[in-house]
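Contents: one structure, followed by commentary.
First the proteins, then the strands, lettered A, B, ... as listed; each starts at 1. Values below: every heavy atom of this structure, side chains too, minus hydrogens, waters and symmetry copies.
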Amino acid sequence: MIEPRTLKGFRDLLPAQALAREKILDIARRIYRSYGFAPIDTPALEYLEILTGKGSAETDKQLYSFTDHGDRRVGMRFDLTVPFARFAAQHIATLGTPFKRYHMATVWRGENTQRGRYREFMQCDFDTIGTTSPVADLETVLVVHDLLVAIGIKRFTIRVNDRRILGGVLRSAGLAERSTDVLRSLDKLGKQSLDAVVDEMAGHGVPADVARRLVAMAALAGPPAEVLAAVEPLVGDDAVGREGIAAVRTLLDGVAQAGVAEGRVVVDPSIARGLDYYTGIVLESFLDELPTLGSICSGGRYDDLAGLYTKQRLPGVGASLGIDRLLAGLEELGRLATAETPAEVFLVHFDAAHLGDYLRIAAALRADGMTVEFFPEARRLGQQLKLAAKKGFRVALVIGTDEFARGTAQLKNLATEATTTIAWEGDLAALVDAVHSHLEAIRSDH
RNA sequence: GUGGCUGUAGCUCAGUUGGUUAGAGCACUAGAUUGUGAUUCUAGGGGUCGCGGGUUCGAGUCCCGUCAGCCACCCCA
């Protein structure tokens, strides 16, 4: 016998989890579309050279790659951005710019696992390419905001920064060549103490007083305008750095004008993002109740998406929702729906002699748009009800021999155990209406 | 990839300094109850103690390896 098992970092999803994931995918799809992003898809497998050029040495190491049956070196995509770059280089001529797309798909990374970190997981990307307009930056933040709100997350924070600000600060401090190391150290601020980070920078050859100032800047918190004002002197006369500050100001103004609640979007000078292709605004978002989970939705602006694959310059901005990490977080917080069924109505199979009636009733309920499961066997009533409650149906519809004789039906709210009697006198439409309105009432209670 | 912690029934766990056929609660199945999700009672199914090897008269318990999970580094969703 072969032991049934799954690979490290790869998981099965049971109905409750798959239902939760699909629900969020539906929401993401709806929000992305509401801003005009169009869906695309790309292959899971690409020529290895497409994938290896772009990422750092780190992502190359994490890449799943092999030789296929035709002796081609191929790799599985580790994010959706690189395939999109290839896609854009190949198709931008027919698509035209600006081009807005979303892409929700599985990616693979052969790295070590941890809470909310898997080797196979889904990303929900959206990007706008072919424009440098600040409006596109603004929309990116608004989409992330709308998305998290629509998912039903009450407490979250979107942290924004601009790569140009960091660059300007480093240039003004004479640390331009050390920037990668310094940014990497700064990025650890959430997890390590200020002193530890200062020490680490000293190890990279940064004078202690400069390191201290950088760390103090990165640790700034409070109203965005104040944070920006505090950062400004550190940028000094660096023109690019000042552009970054102006860009963040513009962004925050837009966010406010769009009606986003205060405090939802903050400036965090320590946000750098690991991927080196970001050149403008960068953003990360966190669950306030679970900050250690890491960013659940991040992105930023890049100068040139597809420089490796085409001469046409394609600047853009976008972000990615890490749906599996988010689900891990919501599960830990006990916010995940527990229903194991997508159907709302459980039709009890009571009297096998009335099979035809049950089928007719189920069909009528479905034709009205309701989701209905008809139990396949005429098992004990108690057993059927218990099963229906456990699986998370909203209501159970009980029509037995007596009910058929009297032209009635029992509708049970499985959460409250309340029973209502419906008089339908053999009039299917009346039964459908009654069930429909009860369901509406139950849904609005939620 | 490196280091640390953990691994007993579907779930939560107990299991004395190594000592007979490995337990509990919940869950599950059947019945008491030929039409109502609960309660109670009765009976029942389920475990190669993650897996493999070693030490020992004897290993769930000690040692090594391995797989998986969690945590840290690294990186990120």
Side-chain angles (χ1 to χ4, degrees), chain A residues 1 3-11 14 24 28 55-63 77-81 104-125 144 180-181 183-185 187-188 190-192 196 200 271-276 278 282-287 290 292-299 319-329 332 346 348-351 378-393 395-405 409-419 421:
Chain A
M1 195 93 88
E3 190 192 346
R5 58 192 186 140
T6 51
L7 253 15
K8 178 184 175 74
F10 290 70
R11 312 157 299 147
L14 271 49
I24 291 181
S56 53
E58 196 68 39
T59 50
D60 287 359
K61 260 179 16 194
Q62 298 176 354
L63 202 63
R77 63 179 171 220
F78 62 89
D79 71 7
L80 299 178
T81 305
M104 309 195 294
T106 307
V107 302
W108 297 269
R109 290 183 196 176
E111 67 176 330
N112 234 334
T113 55
Q114 240 174 77
R115 176 181 60 156
R117 276 171 83 151
Y118 312 101
R119 289 185 170 173
E120 177 182 67
F121 59 98
M122 268 191 123
Q123 291 192 321
C124 308
D125 277 35
V144 171
T180 313
D181 290 336
L183 290 181
R184 190 161 292 164
S185 303
D187 211 39
K188 291 181 187 165
K191 295 184 169 183
Q192 292 183 16
E200 187 176 321
I271 301 280
R273 309 281 313 132
L275 296 166
D276 32 35
Y278 289 118
V282 285
L283 67 101
E284 295 191 347
S285 31
F286 297 84
L287 301 178
L290 226 47
T292 56
L293 185 68
S295 175
I296 48 166
C297 190
S298 12
S320 177
L321 172 71
I323 188 169
D324 289 298
R325 177 175 288 184
L326 172 62
L327 284 166
E332 192 170 333
F346 182 93
V348 172
H349 190 157
F350 195 101
D351 181 351
R379 288 230 280 253
R380 281 196 349 230
L381 177 56
Q383 223 176 10
Q384 292 189 53
L385 290 174
K386 194 173 171 188
L387 188 78
K390 181 176 162 264
K391 287 214 172 178
F393 287 88
V395 297
L397 188 59
V398 183
I399 311 176
T401 324
D402 295 353
E403 281 84 356
F404 276 119
Q410 286 181 50
L411 189 68
K412 289 176 173 292
N413 180 330
L414 290 166
T416 64
E417 303 195 9
T419 301
T421 301

- prompt: Any side-chain heavy atom of A:E403 within less than 4.5 Å of one from A:F350?
  reply: no
- request: Quickly work out the A:R5 CZ to B:rU66 P distance and round it to whole Å.
  value: 15 Å
query: Hey, what do you get for CE (A:M122) to CG (A:L327), rounding to the nearest 0.5 Å?
result: 10.5 Å
task: Can you tell me the pairing partner of B:rG23 across any strand shown, Watson-Crick or G-U wobble, with both distances under 3.5 angstrom?
output: B:rC13
message: Taking 4.0 Å as the cut-off, does a side-chain nitrogen or oxygen of A:K412 come that near to OP1 or OP2 on B:rG37?
response: no
query: Are any of A:K390's side-chain N or O atoms less than 4.0 Å away from OP1 or OP2 of B:rC28?
result: no
Separation between CG of A:L326 and CG of A:L287, rounded to the nearest 0.5 Å: 6.0 Å
- prompt: Reckon A:T419 touches a base, only the sugar-phosphate, or nothing at all at heavy-atom distances under 4.0 Å?
  reply: nothing
task: Look at the side chain of A:R117 and the base of B:rC75, then say whether one donor and one acceptor between them are separated by less than 3.5 Å.
output: yes
- prompt: What distance, rounded to whole Å, do you find between the two P atoms, one in B:rC64 and one in B:rG45?
  reply: 39 Å
- prompt: What distance, rounded to whole Å, do you find between the two P atoms, one in B:rU16 and one in B:rA32?
  reply: 42 Å
message: Under 4.0 Å, counting only non-hydrogen atoms across every strand here, what does A:E120 touch: a base, just sugar-phosphate, or nothing?
response: nothing
message: Let's test this: given Watson-Crick or G-U wobble pairing with both distances under 3.5 Å, identify the partner of B:rA30.
response: B:rU42
message: Taking the C1' atom in each of B:rG15 and B:rG7, what is the distance between them to the nearest angstrom?
response: 16 Å
- prompt: Given that both distances must come in under 3.5 Å, which nucleotide forms a Watson-Crick or G-U wobble pair with B:rA59?
  reply: none
message: Taking any heavy-atom pair under 4.0 Å as a contact, classify A:L381: base, sugar-phosphate, or nothing.
response: base
field: Base partner of B:rC76, which must satisfy Watson-Crick or wobble distances under 3.5 Å
entry: none
statement: Any strand, both distances under 3.5 Å, Watson-Crick or G-U wobble: B:rC49 pairs with none
statement: Separation of B:rU6 atom P from A:Q114 atom CD, nearest Å, is 18 Å
For A:K412, the option from A:L385, A:L397, A:V395 that meets side chain to side chain contact (heavy atoms under 4.5 Å, CB included): A:L385
query: With a distance cut-off below 6.0 Å to the six-membered ring centre and an angular limit of 45° from the axis, does A:R11 pair with A:Y118 as a cation-pi contact?
result: yes
message: Under 4.0 Å, heavy atoms only, any strand: does A:N413 hit a base, just the sugar-phosphate, or nothing?
response: base
message: Nearest 0.5 Å, please: how far is CG in A:L321 from CD in A:Q123?
response: 9.0 Å
message: Categorize A:G110 for me: base, sugar-phosphate, or nothing, with a 4.0 angstrom heavy-atom threshold over every strand shown.
response: nothing
- request: State whether A:D79 and A:R109 are salt-bridged, where the test is any N-O pair (Lys NZ or Arg NE/NH1/NH2 against Asp/Glu carboxylate O) under 4.0 Å.
  value: no
- prompt: Is the shortest side-chain N/O distance from A:T113 to OP1 or OP2 of B:rG69 below 4.0 Å?
  reply: yes
task: With P as the reference atom in both, quote the distance from B:rA68 to B:rU29 in angstrom, rounded to an integer.
output: 33 Å
- request: Could you check whether A:L293 gets within reach of a base, just the sugar-phosphate, or nothing at all, counting any heavy atom under 4.0 Å?
  value: nothing
- prompt: Rounding to the closest angstrom, what is the interatomic distance between B:rC63 and B:rU17 at atom P?
  reply: 15 Å
Atom pair NE2/CD1 of A:H349 and A:I399 - distance to nearest 0.5 Å: 12.5 Å
statement: The answer to which of A:R379 and A:A418 contacts RNA chain B further toward the 5' end, by nearest nucleotide, is A:R379
field: Gap between atoms CZ and P, on A:F286 and B:rA77 respectively (whole Å)
entry: 11 Å
- request: Between A:I399 and A:R11, name the one whose nearest nucleotide on RNA chain B is closer to the 5' end.
  value: A:I399
query: How far, in whole Å, is B:rU6 from B:rU66 if one measures between their C1' atoms?
result: 15 Å
- prompt: In whole angstrom, what separates A:E111's CD from B:rG3's P?
  reply: 18 Å
- prompt: Which part of the nucleic acid, if any, lies within reach of A:G294 when heavy atoms closer than 4.0 Å are counted: base, sugar-phosphate only, or nothing?
  reply: nothing
Between C1' of B:rG37 and CG of A:L411, the distance in whole Å: 14 Å
query: In whole angstroms, how far is the C1' atom of B:rC75 from the CG atom of A:L63?
result: 15 Å
task: Using only heavy-atom distances, decide whether a donor-acceptor pair under 3.5 angstrom links the side-chain of A:Q62 to the base of B:rG1.
output: no
- request: Scan every strand shown for a Watson-Crick or G-U wobble partner of B:rG3, both distances under 3.5 Å, and answer none if you come up empty.
  value: B:rC71
message: Can you identify which nucleotide, out of B:rA77, B:rG37, B:rU36, has its nearest atom closest to the A:E403 side chain?
response: B:rU36
query: Using a cut-off of 4.0 Å on non-hydrogen atoms, how would the nucleic acid contact of A:S298 be classed: base, sugar-phosphate, or nothing?
result: sugar-phosphate
- prompt: With centres under 5.5 Å and planes under 30°, do A:F350 and B:rG35 count as stacked?
  reply: no
query: Which part of the nucleic acid, if any, lies within contact of A:D402, taking any heavy atom under 4.0 Å across all strands shown: a base, the sugar-phosphate backbone alone, or nothing?
result: base
- prompt: On a plain distance test, is the side chain of A:R325 in donor-acceptor contact with the base of B:rC76 below 3.5 Å?
  reply: yes
Distance, P atom - from B:rG47 to B:rU42, rounded to whole angstrom: 24 Å
message: Could you tell me how far B:rA27 sits from B:rG37 if I compare only their C1' atoms? Round to whole Å.
response: 16 Å
- prompt: According to a strict under-4.0 Å criterion, is A:K386 in side-chain N/O contact with OP1 or OP2 of B:rU36?
  reply: no
- prompt: So, is A:Q383 close to the B:rU29 phosphate, meaning a side-chain N or O under 4.0 Å from OP1 or OP2?
  reply: no
query: For A:R380 and B:rU36, what is the distance between atoms CZ and P respectively, to the nearest whole Å?
result: 9 Å
- prompt: Mind checking whether A:E120 and A:L7 have side chains closer than 4.5 Å, heavy atoms only?
  reply: no
- prompt: Taking CG from A:N112 and P from B:rC67, how many angstroms apart are they, rounded to a whole number?
  reply: 12 Å
